[in-house]
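For reference, the structure is listed below as structure tokens.
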Amino acid sequence: METKTAKLLDGKSLAAKIQQELCAAITKLQPQIGRPPGLAVLMVGDDPASAAYVRGKENACKKVGIASFGKHFPVETTQAELESVIAALNHDERVDGILVQLPLPSHLDAVTLLHQIDPDKDADGLHPINLGRLVRQEPGLRSCTPYGIMRLLREYEIPLQGKQAVVVGRSILVGKPMALMLLEADATVTIAHKSSHDLGAITKNADILITAVGRPGLVTAEMVKTGAVVVDVGMNRVTDADGNSRLVGDVNFDSIKSVAEFLTPVPGGVGPMTVAMLLQNTVNSYSKEL
Ligand code: NAP
């Protein structure tokens with residue numbers, strides 16, 4: 001008997017398509033606005049993973065025609081210095097989006113910095129004003145990772161209305177805004193976290209299962225309903241017995257692909273969509289200039 005295999009939710013291809021669309025939109029808007037859109041990515045310190053993410057974001061900006069106003073600060077930079085940089089960027093008319101790359105060194109208070117960003121330039125969609133707009137179902141800049149997941153589900157015409165959706169993880173970055181977006185799309189939403197009892201019984205009930213935890217192999221095939229849509233946000237670096245390291249998600253991809261109907265790969269699923277939505281948010285702010 002032939003084994004069934006889940007269809008891949010290909011975030012990499014969709015992100016490339018979105019980038020092309022944004023590039024075309026910018027080409028059209030630029031003569032009217034008189035400048036390209038601008039994004040400032042602020043990074044503090046030398047964390048190699050953060051540096052790689054920042055490079056990825058800046059390369060993506062370049063591809064679509066967004067000007068980068070990124071700044072890389074030494075690890076000893078103070079809170080006051082960063083606050084004054086953010087204040088200047090808030091008033092800089094060439095800049096439509098500002099984001100602070102996390103994590104920050106421990107002497108800095110990320111939440112306070114985030115609150116200083118003009119909510120209309122909050123490219124990451126994490127400012128309390130934008131989270132509040134999401135709660136109230138008002139237009140605003142949306143958190144990039146869940147926004148990207150919603151876009152991916154829409155592309156594959158996955159119905160959400162009336163479906164049982166389970167989000168594992170309740171961070172401000174992913175889990176909570178994800179749950180709110182699914183609720184906005186009329187799904188029936190359950191959020192699981194560390195204190196949830198019998199995670200498998202909860203996830204097994206999901207038509208749409210989103211995992212945003214950061215634990216490799218947390219979700220196995222027995223925990224997934226046949227025909228479910230599984231979106232794996234987790235990004236975990238693991239080292240194999242031969243010493244090679246690779247990136248894996250929170251779900252056991254190989255076993256779940258014969259149970260799920262749709263499944264995101266890691267890498268190539270949610271990650272590229274997050275970057276695409278960062279660009280989208282920047283262009284959304286830019287187009288408000290008209
Ligand atoms: P986080 O802030 O550490 O939150 C993790 C969440 O998982 C918490 O709510 C925690 O519950 C929950 N959790 C931990 N262990 C659990 C368990 N055994 N059972 C159920 N829930 C459990 O992480 P995050 O920032 O949301 O990121 C989650 C993962 O997504 C990470 O791997 C991160 O690298 C990845 N990520 C990927 C992208 C992308 O673009 N692909 C973007 C953002 C994040 P409590 O609240 O009870 O502690």
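Scope of the values below: all heavy atoms of this structure, side chains included, with no hydrogens, waters or symmetry mates. Counting starts at 1 for both ligands and their atoms, in listed order. No experiment lies behind these values; they were computed from the predicted model shown.
Distance alone, capped at 3.5 Å, places no donor-acceptor pair between the D207 side chain and the A228 backbone. Judged by distance alone, with hydrogens and angles left aside, the side-chain atoms of D186 form no donor-acceptor pair with the main-chain N or O of G162 at under 3.5 Å.
Of all protein heavy atoms, the one closest to atom 3 (O) of ligand 1 is V213 O, 4.3 Å. Nearest to atom 47 (O) of ligand 1 among the protein's heavy atoms is R170 NH2, 2.8 Å. Of the protein's heavy atoms, H193 C, 3.2 Å lies nearest to atom 21 (N) of ligand 1. Regarding atom 31 (C) of ligand 1, its nearest protein heavy-atom neighbour is G214 CA, 3.7 Å. Distance from atom 25 (O) of ligand 1 to its nearest protein heavy atom, with residue and atom name: L173 CD2, 3.5 Å. The single protein non-hydrogen atom nearest to atom 33 (C) of ligand 1 is M235 N, 4.2 Å, given as residue, atom name and distance. With respect to atom 1 (P) of ligand 1, the closest heavy atom belonging to the protein is S171 CB, 4.1 Å. Looking only at heavy atoms of the protein, atom 42 (C) of ligand 1 is closest to T145 OG1, 3.3 Å.
For K121 against N90, the heavy-atom pair with the smallest separation is NZ-O, 3.0 Å. Of all heavy-atom pairs spanning G125 and L131, the tightest one is O-CD2, 3.9 Å. In plain terms, the two heavy atoms of V224 and L209 that are nearest each other are CG2-CD2, 4.1 Å. Closest approach of V174 and A212 over heavy atoms only: CG1-CB, 3.6 Å.
Residue contacts with ligand 1 for R215 involve side-chain atoms from C-beta outward but no N, CA, C or O (heavy atoms, distance under 4.0 Å). Only side-chain heavy atoms of V168 come within less than 4.0 Å of ligand 1; its backbone N, CA, C and O stay farther off.
Results of the side chain to side chain donor-acceptor pair (under 3.5 Å) test with N130 over D120, N281, D122 single out D122 as the only residue that passes.
Here is the list of ligand 1 atoms found below 4.0 Å of a heavy atom in T274: 39 (C), 40 (O). Near A212, meaning under 4.0 Å from any of its heavy atoms, are these atoms of ligand 1: 5 (C), 6 (C), 7 (O), 26 (O), 28 (C). Of all atoms in ligand 1, listed by their number and element, those nearer than 4.0 Å to a heavy atom of N236 are 32 (O). Shown in contact with G271 at under 4.0 Å from a heavy atom are these atoms of ligand 1, numbered in order with element: 40 (O), 41 (N).
Using bins of under 30°, 30° to 60° and over 60° for the plane-to-plane angle, the ring pair Y156/F262 lands in the perpendicular bin.
The hydrophobic clustering, which links ILVMFWY residues whose side-chain heavy atoms are closer than 4.5 Å, places V230 and V233 apart.
For G175, no nitrogen or oxygen atom sits less than 3.5 Å from a nitrogen or oxygen atom of ligand 1, counting backbone and side chain alike. Considering backbone and side-chain atoms together, K194 places an N or O closer than 3.5 Å to an N or O of ligand 1.
Side-chain contact check for Q101 and K57: at least one donor-acceptor pair (N or O, by modelled atom type) lies under 3.5 Å.
Within the set V233, L218, V248, the minimum heavy-atom distance to atom 36 (N) of ligand 1 is found for V233. Of the candidates G169, A49, G269, it is G169 that places a heavy atom closest to atom 12 (C) of ligand 1.
The nearest protein heavy atom to atom 27 (O) of ligand 1 is not closer than 4.0 Å.
Atom CD of E76 sits in a crowded spot, with more than 12 heavy atoms from other residues, nucleotides or ligands closer than 6.0 Å.
In this structure, L22 CG and T27 OG1 are separated by 10.5 Å, a value rounded to the nearest 0.5 Å.
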